[in-house]
Amino acid sequence: MLIDRFGRRIDYLRISVTSKCNLHCIYCRPSDCPRSETPCEELSCDEIATVARVAGELGVSHVRLTGGEPLMRAGLEMLVRKLSAIPEIDDLSMTTNGQLLAERAAELACAGLQRVNISLDSLDAETYCSLTGGGSLERVWAGIESAQSASLRPISAQRGSGFQPDTTKINVVLVRGYNDCEIVQFAELARDRALHVRFIEVLPAGPAASQAGPLFYPAAEVLRQLRTDRLHREDRPGPGPAQVWRLGRGTVGIISSLTNPPCPSCNRLRLTSDGTLRPCLTDNTEIDLRPALAAPRPGPAIAEALREAVAAKPAQGAHLTGQWTGGPAMCRVGG
Ligand code: SAM
């Protein structure tokens with residue numbers, strides 16, 4: 001079992017499977033930002049599966065595939081098959097922008113993917129296109145519908161909480177001046193279409209860090225807009241950093257990484273697409289896994305690196321201690 005210096009049990013590994021992305025979200029990797037990173041050599045599917053297997057033996061039970069855009073990773077279905085065969089991993093999920101999901105959801109579900117979070121920052125086609133640097137709202141909707149028909153659902157449905165049997169999770173990064181006028185509309189969508197909507201405070205990160213200030217919109221404003229007395233706090237909030245309220249057949253939640261950070265309950269490690277472990281999203285400590293993967297007995301070497309990463313987890317992210325200048329692009333780290 002992996003327990004850090006602050007008594008937090010680490011059972012969740014987020015794996016960025018590629019740093020490539022087909023969108024240019026303004027808070028992540030806007031198209032007018034100079035490229036700050038050279039393309040990296042990605043871990044192979046076998047290497048990723050080896051790391052996940054060792055992590056599973058150490059108590060990791062939830063793996064999330066992210067990126068970049070995970071659907072741009074060649075061989076993703078094969079990777080999902082390998083990961084879903086690891087007995088200790090009982091929750092295998094993916095975060096995607098949904099642009100390429102419509103054609104792939106059924107095959108991914110067959111391969112063993114259990115659920116998806118879909119990023120959708122606006123319900124207006126023009127705003128969505130401008131926020132994402134060219135994304136198609138129609139494609140995301142097609143992706144959401146395919147995910148729902150392929151039964152890619154959130155964890156509450158699978159673990160038998162008896163709540164929201166047919167829902168998909170939608171991530172909305174709050175961006176002042178772009179989507180702060182759509183909060184009620186997103187909540188109505190959660191209520192009427194049995195969706196889980198999560199509003200996420202924007203973090204100053206990567207090449208977009210210097211532009212994030214004016215875009216910041218606090219999660220508390222979301223609750224004010226939604227008048228929380230009309231919402232019902234979920235009795236059994238799922239695992240994860242969100243505060244969650246029921247709304248009709250769906251839920252809305254807020255992830256206030258800056259104003260009410262979830263660090264005390266952090267349960268995660270991150271693996272970047274080029275093979276480094278990051279103990280914390282906003283702390284630049286990294287542990288290179290490549291030497292462990294190349295070791296004569298990779299298993300014990302990887303286990304050692306995972307323990308080292310857990311031991312290096314800070315109490316809270318550097319974005320809260322004034323020591324954060326933005327770090328690498330979220331595309332590399334996986335969000
Ligand atoms: N391409 C996929 C997607 O768009 O969902 C997965 C990768 S993306 C880096 C993972 C998550 O990080 C998305 O929900 C995205 O909106 C979020 N994200 C990216 N940059 C962020 C930032 N600066 N602040 C907050 N969330 C961010």
Side-chain angles (χ1 to χ4, degrees), residues 14-30 33 36-37 63-73 76 93-101 104 108 113 115-122 128 131-137 139-140 143-144 147 152 154 168-176 178-179 186 196-219 222 240-242 253-259 261-262 268 270-273 278 281-282 317-320 324-335:
R14 288 178 70 100
I15 303 177
S16 172
V17 294
T18 180
S19 59
K20 294 187 200 107
C21 190
N22 46 357
L23 295 182
H24 287 274
C25 298
I26 57 166
Y27 47 77
C28 182
R29 195 180 58 115
C33 269
S36 60
E37 298 184 22
V63 166
R64 175 175 293 280
L65 303 176
T66 172
E69 172 48 43
L71 291 169
M72 292 190 72
R73 168 74 198 226
L76 184 68
S93 63
M94 176 174 79
T95 297
T96 171
N97 61 36
Q99 294 292 304
L100 303 172
L101 186 60
R104 310 270 295 277
L108 285 164
L113 189 71
R115 59 196 184 100
V116 283
N117 285 10
I118 299 173
S119 298
L120 172 58
D121 292 340
S122 176
Y128 178 80
L131 266 169
T132 56
S136 154
L137 183 62
R139 300 284 316 144
V140 193
I144 292 172
L152 291 170
T168 296
K169 208 181 257 181
I170 305 292
N171 285 347
V172 185
V173 175
L174 295 162
V175 191
R176 185 181 292 281
Y178 284 84
N179 60 11
F186 270 112
H196 293 294
V197 171
R198 298 289 174 267
F199 296 104
I200 302 171
E201 285 179 346
V202 73
L203 272 171
S210 60
Q211 296 161 31
L215 301 179
F216 182 75
Y217 189 81
V222 172
I254 53 173
I255 301 179
S256 27
S257 315
L258 278 116
T259 57
R268 48 191 75 183
R270 291 177 168 80
L271 174 62
T272 65
S273 52
R278 282 182 73 94
L281 177 62
T282 65
H319 65 291
L320 303 168
W324 175 244
T325 51
M330 285 281 197
C331 286
R332 174 169 170 264
V333 181

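Computed from a prediction, not measured in an experiment: that's the story for all the values here. Remember, it's 1-based here, ligands and their atoms both numbered in the order they're listed.
Taking the salt bridge (charged side-chain N to carboxylate O under 4.0 Å, His left out) definition, one finds that Arg73 meets it with Glu42, sequence neighbours left out. Arg104 meets the salt bridge (charged side-chain N to carboxylate O under 4.0 Å, His left out) test with Glu77; sequence neighbours excluded. Under the side-chain hydrogen bond (donor to acceptor under 3.5 Å, both in side chains) criterion, Ser119 pairs with no residue at all, not counting sequence neighbours.
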Practice prompt. Starting from the C-alpha separation in whole Å, work towards a yes-or-no answer on side-chain hydrogen bond (donor to acceptor under 3.5 Å, both in side chains) for Glu69 and Asn22.
Written response: CA-CA 7 Å; Glu69 172 48 43; Asn22 46 357; 5.8 Å; no
Worksheet item: How far apart are the C-alpha atoms of Val116 and Leu108, what are their side-chain angles, what is the distance that settles it, and do they pass the side-chain contact (heavy atoms from CB on, under 4.5 Å) test?
Response: CA-CA 10 Å; Val116 283; Leu108 285 164; over 6 Å; no
Find all protein N or O atoms under 3.5 angstrom from an N or O atom of ligand 1 and list the pairs with distances, or write 'none'.
unit_1, atom_1, unit_2, atom_2, d
ligand 1, 1 (N), Gly68, O, 2.9
ligand 1, 1 (N), Glu69, OE1, 3.0
ligand 1, 4 (O), Ser119, OG, 3.4
ligand 1, 5 (O), Thr96, O, 3.4
ligand 1, 5 (O), Ser119, OG, 2.5
ligand 1, 14 (O), Ser119, OG, 3.0
ligand 1, 14 (O), Asn171, ND2, 3.3
ligand 1, 16 (O), Tyr27, OH, 3.2
ligand 1, 23 (N), Tyr27, O, 3.1
ligand 1, 23 (N), Leu203, O, 2.8
ligand 1, 24 (N), Leu203, N, 2.9

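Pairing each heavy atom of Ala147 with each of Ile118, the nearest pair is CB-CD1, 4.3 Å.
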